[in-house]
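Okay, so here's the structure we're looking at.
Not measured: the values here are computed from a predicted model. Note that ligands are numbered from 1 as they come in the structure, with each ligand's atoms numbered from 1 the same way.
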Amino acid sequence: MTIFKNIESLGPLEGKRVLVRADLNVPMAMNDEGERIVTDDTRIQSVTPTIKFLAEKGARVIVLSHFGRPLGIRNIDLSMEPLGQPLANSTRLPVSYINDCIGDEVLEVIDALENGSVLLLENVRFYKEEIKNDTNFATELARNADLFINDAFSCCHRAHASTVGITKILPSAAGFALEKELLILEGVLEKPTHPLAALVGGAKVSSKLDVLSHLVEKVDHLIIGGGMANTFLAAQKVNVGVSLCEHDLIEKASTILAKALSNNCLIYLPTDVIVAKEFKENAQSRTTNTNDVQYDEMILDVGPDTVKTVCKGLEACKTLIWNGPLGAFEISPFDTATVAVALKAGELTQSAGLISVAGGGDTIAALNHAGIANQFSHISTAGGAFLEWMEGRKLPGVQVLLA
Ligand code: AMP
């Protein structure tokens with residue numbers, strides 16, 4: 001098991017200035033008064049135990065995050081200020097805010113902080129140096145603190161000043177949320193309880209080629225659904241009509257299928273599908289064998305026989321990793337297969353000890369849509385970082401925290 005530097009390794013915290021890299025890039029919407037309000041505080045909740053722990057130990061807690069893509073330019077619409085109150089609500093601690101993340105004024109405010117209090121800094125991506133992992137900028141950030149904690153798995157695939165550069169200057173460790181996520185993810189892919197299944201769906205195979213290529217070496221069952229399955233069907237000379245299909249990747253898809261065969265990885269492709277002539281809510285649709293798709297039809301979901309086969313396969317599994325929906329789940333009735341398999345995975349998790357891990361923005365939306373996200377063993381809120389982890393890549397923000 002990989003050992004990461006954890007909070008305990010940082011020694012006594014009383015009076016210490018501790019900079020916590022959080023991911024407060026949460027979904028927000030404008031209310032009637034024109035204020036930005038948080039619509040999903042999952043990421044705020046996830047960093048809360050670390051902040052509370054540090055405050056209880058008498059540290060001076062300084063929270064740093066990015067919000068959106070300001071491209072290195074100060075943009076009031078992407079300010080962290082509206083995140084202060086939700087952070088205070090979640091931690092039940094007073095949270096003050098300052099409109100910058102580096103500089104003498106920030107230092108003065110930090111110096112005046114009382115032990116056990118929390119300060120929220122301004123959006124770190126207001127500085128273009130952040131994403132360049134600029135050493136001088138990392139040094140400026142480091143001046144704010146004695147210790148650094150990264151508690152944002154979703155940012156660990158980026159080698160930025162606030163995830164990598166700063167760790168070269170300050171004693172650093174993983175926060176509770178990051179540590180937990182790393183332990184779970186390592187457990188399911190590096191040392192899984194077999195049989196291990198991966199369900200990979202979503203729109204395009206191009207965005208998940210590396211994921212699939214890596215997974216066929218690791219998993220016992222690989223379930224391929226969503227628009228990306230069409231490219232694999234086309235590789236088997238199936239007519240996919242006007243479905244989403246990346247014809248230039250047919251050869252790559254064939255290579256993955258061959259690799260699966262030589263690795264004893266059982267591939268599940270749709271045997272029946274739901275097709276329609278229009279991509280819209282309640283479009284007229286029909287269920288058909290995969291070999292009977294007409295030239296003017298598009299595949300928008302996998303069919304009931306495929307769902308049955310997938311559910312039966314999952315019954316034999318001990319671990320499941322899920323990324324991407326099986327169909328165009330935002331549009332009824334093309335959510336049917338995703339919902340049915342999600343319900344089955346939730347039920348197996350609750351009643352048969354299946355270890356189920358899901359990640360990625362659309363995946364969480366799909367599982368929430370099915371109403372079973374809370375039945376999974378672990379849901380990762382990370383998008384890009386979760387995918388890169390599924391590709392078997394070493395994440396730079398994690399590498400710098402190895403003990
Ligand atoms: P991704 O971000 O790659 O996980 O893709 C998620 C998107 O894939 C969702 O918006 C789905 O509507 C879409 N999707 C899934 N299956 C299909 C399909 N058969 N045809 C078109 N889009 C699909």
Side-chain angles (χ1 to χ4, degrees), residues 27 154 157 198-215 222-236 238-247 249 252-253 256 268-290 292-294 296-307 310 320-342 357-370 373 379-391:
S154 47
H157 59 314
L199 190 162
V200 184
K204 289 187 168 181
V205 77
S206 48
S207 60
K208 294 181 188 172
L209 269 180
D210 291 341
V211 170
L212 294 168
S213 192
H214 180 63
L215 287 177
L222 178 60
I223 301 152
I224 304 177
M228 67 166 60
N230 302 335
T231 304
F232 285 88
L233 292 174
Q236 298 184 325
V238 170
N239 168 37
V240 295
V242 287
S243 304
L244 186 64
C245 179
E246 292 165 283
H247 293 277
L249 292 178
K252 285 245 164 67
I256 289 172
Y268 295 62
L269 280 172
T271 52
D272 62 338
V273 285
I274 314 290
V275 292
K277 292 185 179 169
E278 293 171 294
F279 189 29
K280 65 171 200 196
E281 192 84 23
N282 297 319
Q284 200 176 357
S285 61
R286 71 182 186 103
T287 304
T288 181
N289 186 287
T290 318
D292 186 36
V293 177
Q294 300 302 300
D296 57 351
E297 289 177 324
M298 62 184 117
I299 300 170
L300 291 175
D301 200 5
V302 307
D305 288 347
T306 308
V307 168
V310 168
L320 167 67
I321 303 167
W322 183 330
N323 176 270
L326 285 168
F329 77 99
E330 302 94 334
I331 304 175
S332 175
F334 310 112
D335 56 345
T336 310
T338 303
V339 170
V341 175
V357 171
D362 274 318
T363 313
I364 298 171
L367 298 184
N368 280 331
H369 174 72
I379 301 276
S380 175
T381 58
F386 189 81
L387 270 188
E388 289 200 18
W389 163 76
M390 280 180 96
E391 288 169 4

Quick check on contacts: which atoms of ligand 1 are under 4.0 angstrom from a heavy atom of Glu330? 9 (C), 10 (O), 11 (C), 12 (O)
Going by the atom numbers of ligand 1, which of them fall below 4.0 Å from some non-hydrogen atom of Gly227? 15 (C), 16 (N), 17 (C), 18 (C), 19 (N)
Heavy atom of the protein closest to [atom] (residue, atom name, distance):
atom                    : value
atom 3 (O) of ligand 1  : Ala203 N, 3.3 Å
atom 19 (N) of ligand 1 : Ile299 O, 3.0 Å
atom 2 (O) of ligand 1  : Asp362 OD2, 3.0 Å
atom 22 (N) of ligand 1 : Leu244 CD2, 4.1 Å

Any non-hydrogen side-chain atom of Val240 less than 4.5 Å from a side-chain atom of Val293? no
Inspect the surroundings of CD in Glu281 and state if more than 12 heavy atoms from other residues, nucleotides or ligands are less than 6.0 Å away. yes
Heavy-atom contact under 4.0 Å between Lys208 and ligand 1? yes
Identity of the nearest option to atom 14 (N) of ligand 1, non-hydrogen atoms only, from Gly226, Gly327, Ala229: Gly327
With sequence neighbours excluded, residues passing side-chain hydrogen bond (donor to acceptor under 3.5 Å, both in side chains) with Gln236: none
Partner set under side-chain hydrogen bond (donor to acceptor under 3.5 Å, both in side chains) for Thr287, not counting sequence neighbours: none
Donor-acceptor under 3.5 Å (Asp272 side chain, Asp305 main chain): yes
So does Glu246 pair up with Lys252, basic N to acidic O under 4.0 Å? no
